[in-house]
Amino acid sequence: MPSNRVLVVEDDPSVRGLLQTILEDEALEVILAADGEEGLELARTVHPDVVLLDVMMPGLGRPDGSLPFAVLVVTGAAEVIAPLRNELGPEAVLEKPFDITTLATRVKTLASGDAPGERP
């Protein structure tokens, strides 16, 4: 059974705080990381159902390419949105600025395990 635990990996403190507020208002458990390295460490220990992250994140790397959790890429980098959607699927990428309802719905869907291809 999913725990509705969301790991937010965002280097911008204001965006990190906004995401935390939105998700906690949806009764989700939110864990915060300020960079990719901290995010990977937390992902290994807290076992999130969903990870929100910006694609341009310092210290983020996946040695074997596999992740034991769903990922929602939240980005304002317009040049990577289409390629990421092609690679990860349209529901795995959310463009900044984002609609609050869309964010909450995507995270809940990913946390529930109902989204196609959300976990390896």
Side-chain angles (χ1 to χ4, degrees):
M1 170 171 280
S3 66
N4 292 323
R5 182 174 297 141
V6 181
L7 173 60
V8 174
V9 185
E10 172 61 58
D11 57 336
D12 183 325
S14 60
V15 174
R16 195 168 54 243
L18 175 63
L19 292 169
Q20 179 180 18
T21 299
I22 293 167
L23 298 172
E24 286 179 347
D25 283 350
E26 295 293 326
L28 295 163
E29 179 186 352
V30 179
I31 297 146
L32 302 172
D35 60 41
E37 187 175 322
E38 180 184 13
L40 285 171
E41 183 179 321
L42 283 169
R44 290 182 186 110
T45 59
V46 302
H47 307 290
D49 295 297
V50 179
V51 176
L52 268 70
L53 56 97
D54 190 333
V55 70
M56 296 172 148
M57 177 63 53
L60 186 63
R62 303 182 298 181
D64 68 356
S66 65
L67 298 171
F69 44 78
V71 172
L72 176 60
V73 177
V74 181
T75 186
E79 67 277 6
V80 300
I81 291 171
L84 283 172
R85 284 186 174 145
N86 286 336
E87 183 178 338
L88 303 173
E91 298 302 310
V93 181
L94 186 61
E95 185 175 355
K96 293 178 188 174
F98 50 82
D99 175 76
I100 292 170
T101 303
T102 302
L103 171 72
T105 300
R106 293 246 188 115
V107 170
K108 285 179 169 181
T109 300
L110 289 166
S112 72
D114 291 339
E118 81 282 0
R119 297 194 181 148

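Val9 is not listed as a side-chain neighbour of Leu42, based on a closest heavy-atom distance of 4.5 Å or more. Counting only heavy atoms from C-beta outward, the side chains of Val8 and Leu32 approach each other to under 4.5 Å. Side chains of Val107 and Glu26 form no contact here, defined as non-hydrogen atoms less than 4.5 Å apart. Looking at Val80 and Val93, their side chains never come closer than 4.5 Å, going by heavy atoms from C-beta outward.
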Exercise for the section: Could you walk me through whether Leu19 and Leu103 pass side-chain contact (heavy atoms from CB on, under 4.5 Å), step by step? Expected result: CA-CA 9 Å; Leu19 292 169; Leu103 171 72; 3.6 Å; yes
Practice task
Evaluate the side-chain contact (heavy atoms from CB on, under 4.5 Å) criterion for residues Leu94 and Leu52: first the C-alpha distance (whole Å), next the side-chain angles of each, then the deciding distance (0.1 Å), finally the verdict.
Solution key: CA-CA 9 Å; Leu94 186 61; Leu52 268 70; over 6 Å; no
Exercise for the section: Just do the side-chain contact (heavy atoms from CB on, under 4.5 Å) check on Asp35 and Asp11 with the steps written out, would you? Expected result: CA-CA 5 Å; Asp35 60 41; Asp11 57 336; 5.6 Å; no
Practice task
For the pair Arg5 and Val46, evaluate side-chain contact (heavy atoms from CB on, under 4.5 Å) and give the outcome as yes or no after the intermediate values.
Solution key: CA-CA 8 Å; Arg5 182 174 297 141; Val46 302; 4.1 Å; yes
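Here CD1 of Ile31 is found 11.0 Å from CD of Glu38. Values are rounded to the nearest 0.5 Å. Taking CD from Glu95 and CD1 from Ile81, the interatomic distance works out to 3.5 Å, rounded to the nearest 0.5 Å. The distance from atom NZ of Lys96 to atom CG of Leu18, rounded to the nearest 0.5 Å, is 10.0 Å.
Across Val50, Asp49, Ile22, Leu23, a single residue satisfies side-chain contact (heavy atoms from CB on, under 4.5 Å) together with Leu28, and that is Leu23.
The two residues Pro48 and Ala43 make their nearest non-hydrogen contact at CD-O, 3.5 Å. Nearest approach of Asn4 to Ala111, heavy atoms of both residues: OD1-CB, 3.5 Å.
Counting non-hydrogen atoms of other residues, nucleotides and ligands closer than 6.0 Å to CD of Glu24 gives a total above 12.
The backbone N or O of Thr109 sits less than 3.5 Å from a side-chain atom of Ser112, completing a donor-acceptor pair.
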